[in-house]
Amino acid sequence: MKHYSFSIGFTVLCMGAAAYWGMHSGLGIWAALWLTLVLGILEVSLSFDNAVVNASVLKTMDAFWQKMFLTIGILIAVFGMRLVFPVLIVAVMTGTGISAVIDMALNDSERYGEVLTSAYPMIAAFGGSFLLMVFLSFALDEERDIHWLGLLERKIAAIGKLESIEIVVALLVVIATAAAIDEALQYKVLLSGVAGIILFVIISSLDSLFESPESSGNTAEVVARNGAMSFLYLEVLDASFSFDGVIGAFAITRDVVIIMLGLAIGAMFVRSMTIDLVRRGTLDEFIYLEHGAMYAIGVLALIMFLGTQIHVPEVITGLIGVAFIAASLWSSIRHNRKGARGCANASTIGE
C-alpha cells in the first residue's frame with residue numbers, strides 16, 4: 001500500500017475540493033462527490049494498460065529519470081494534459097484568448113464541451129496514430145523472443161523484416177480514416193494523423209540523432225540521453241491516453257472543475273500502479289502482461305480512429321483493456337505453474 005499512500009491522500013484532497021465546489025456551484029455536495037469518483041474510476045479503467053507500458057519503459061530508466069517521471073511527469077499529466085491542454089485546444093478552435101476560454105469553461109461549460117468535442121476527430125487521429133505506432137512497433141518486432149499467441153505472433157513479427165512496414169500500415173489507416181470523414185475535416189484529420197506518426201518516429205530516433213563519437217562511449221551520457229528520450233516518450237504516450245478520458249468525461253458531466261478533479265485522481269493512481277509494477281518486478285514475473293497491454297493499446301488506437309465517425313462508449317474501451325490485461329495475466333500465471341511443475345518433475349527425476 002505504500003506506493004498508493006500519496007494517491008490516497010491526493011484523492012482525499014480532491015474529494016474535499018469537489019465537495020466545496022458542489023456546495024458553492026449549485027451542483028450539490030453528493031452529486032459532485034459521486035461524479036468525481038466515477039470519473040476517477042473511468043480514468044483508471046481506460047489507462048491501466050498505460051500503467052503496464054509505462055512500467056516496461058520506467059524499469060529501464062535510471063533513478064534520476066524515474067524521479068523526474070514521478071514528479072515533473074505527474075504535474076504534466078495531471079495539470080498539463082487534464083487542464084491546460086483542453087483549454088489550449090478550445091482556444092485554437094475558436095480563436096479566443098486563454099482567459100476568455102477559461103471564463104467559458106467555468107461559466108458556459110456547455111459551449112466549452114461542444115467546442116472540445118468538435119475537435120475530437122483531429123485529437124483522435126493524432127493520438128490514435130501515435131498509439132498505433134506503439135502497438136505496431138511491438139507486434140512487428142522480429143527480435144522479440146516471447147510470444148503470447150505463439151505461431152500467430154511469430155508470423156506477424158516476421159512481417160517486421162520489411163523496412164518501415166509499421167509506418168506504411170499506420171499511414172494507410174490514417175489515409176483511410178481521413179477519406180471516410182466529412183470533406184471539411186479531411187485535411188485536418190490527415191495532417192493530425194501524420195503528425196502523430198512523425199512524432200513517434202522522431203522520439204524513437206532521437207537516440208541515434210543526438211549520438212556523437214565523443215559521447216558514444218560515455219556510459220553516463222548514454223544513460224542520461226536514453227532517460228530523457230524515455231521520459232519524453234512516456235509523456236506523449238500519457239497524453240495520447242488522456243485524450244479519450246478528457247473528451248469522454250463530457251459525456252458524464254459538463255462541469256469542468258469536477259472533470260479536472262476526477263481525471264486528476266485517476267491519473268495519480270495510474271502513476272501509483274506504474275511504481276507498484278516496477279518495484280514488485282511484476283512484468284518479469286508475469287511475462288505476458290506487457291503483451292496484453294500492447295494489444296489493448298492497439299485496440300484503443302483503432303477505437304480512436306473509429307471514434308472520428310461514431311461515438312464508442314468509454315465503458316467498452318475500458319472493458320476491452322481490462323479483458324486483455326486479465327487474459328494476459330491468466331496466461332502468465334498458467335505459464336508460471338507449468339514452469340514450476342516442470343522444475344518439480346525434474347527434481348523428482350534427479351532424486
Side-chain angles (χ1 to χ4, degrees), residues 7 10-44 46-47 71-127 185 188 191-192 195 235-236 238-271 304 307 311 314:
S7 293
F10 182 79
T11 298
V12 172
L13 290 176
C14 286
M15 295 299 277
Y20 178 83
W21 177 256
M23 182 173 59
H24 290 275
S25 66
L27 179 62
I29 294 177
W30 293 111
L33 290 174
W34 171 248
L35 289 171
T36 302
L37 179 62
V38 169
L39 288 169
I41 294 173
L42 171 68
E43 181 71 2
V44 172
L46 288 174
S47 302
T71 52
I72 303 300
I74 285 178
L75 293 177
I76 296 173
V78 173
F79 298 104
M81 295 313 305
R82 273 76 180 179
L83 177 61
V84 177
F85 184 72
V87 169
L88 291 177
I89 289 178
V90 174
V92 171
M93 292 291 293
T94 60
T96 308
I98 298 296
S99 58
V101 172
I102 293 175
D103 181 70
M104 182 197 301
L106 294 176
N107 300 308
D108 190 4
S109 56
E110 289 290 333
R111 169 64 177 156
Y112 179 83
E114 288 172 2
V115 174
L116 190 57
T117 302
S118 69
Y120 184 74
M122 285 69 74
I123 297 172
F126 176 84
L185 295 176
K188 293 179 180 178
L191 189 62
S192 300
E235 290 307 311
V236 177
D238 180 78
S240 299
F241 272 94
S242 71
F243 295 152
D244 239 22
V246 171
I247 301 297
F250 279 91
I252 297 174
T253 178
R254 295 288 183 173
D255 193 304
V256 177
V257 174
I258 296 299
I259 288 174
M260 184 196 72
L261 291 172
L263 297 185
I265 290 172
M268 197 64 71
F269 269 96
V270 169
R271 282 300 196 276
M304 291 181 78
H311 174 67
E314 286 69 31

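All values below were derived from every heavy atom in this structure, side-chain atoms included, with hydrogens, water molecules and symmetry-related copies excluded.
Minimum interatomic distance between Ala125 and Ser192 (heavy atoms only, all atoms of both residues): CB-CB, 4.0 Å. Taking each heavy atom of Phe10 and Ile265 in turn, the nearest pair found is CE2-N, 4.0 Å. Scanning all heavy atoms of the two residues, the minimum distance from Arg271 to Gly73 falls at NH2-O, 3.0 Å.
The side-chain hydrogen bond (donor to acceptor under 3.5 Å, both in side chains) pairs that include a residue from residues 27-37 number zero, where partners must be two or more places apart or lie in different chains.
Partners of Asp108 under the side chain to side chain donor-acceptor pair (under 3.5 Å) rule, at least two apart in sequence or in another chain, do not exist in this structure. Under the rule for a side chain to side chain donor-acceptor pair (under 3.5 Å), Thr11 has no partner lying at least two apart in sequence or in another chain. With sequence neighbours left out, Leu35 forms a side chain to side chain contact (heavy atoms under 4.5 Å, CB included) with Leu27, Ile252, Thr253, Ile258. Remark: Ile41 pairs with Leu37 by the side chain to side chain contact (heavy atoms under 4.5 Å, CB included) rule, at least two apart or across chains. For Met260, the side chain to side chain contact (heavy atoms under 4.5 Å, CB included) test picks out Leu83, with sequence neighbours left out.
Contact annotation: the side chain of Ile29 never approaches that of Tyr20 to less than 4.5 Å [non-hydrogen atoms, C-beta and beyond]. Taking the side chain as every heavy atom from C-beta outward, Met304 and Tyr120 approach each other to under 4.5 Å. Considering only heavy atoms from C-beta on, Leu191 stays 4.5 Å or farther from Met122 through its side chain.
Atom-to-atom distance recorded for Cys14:SG and Leu33:CG is 11.5 Å, nearest 0.5 angstrom.
A distance-only check finds no donor-acceptor pair linking the side chain of Asp103 to the backbone of Ser99 [under 3.5 Å].
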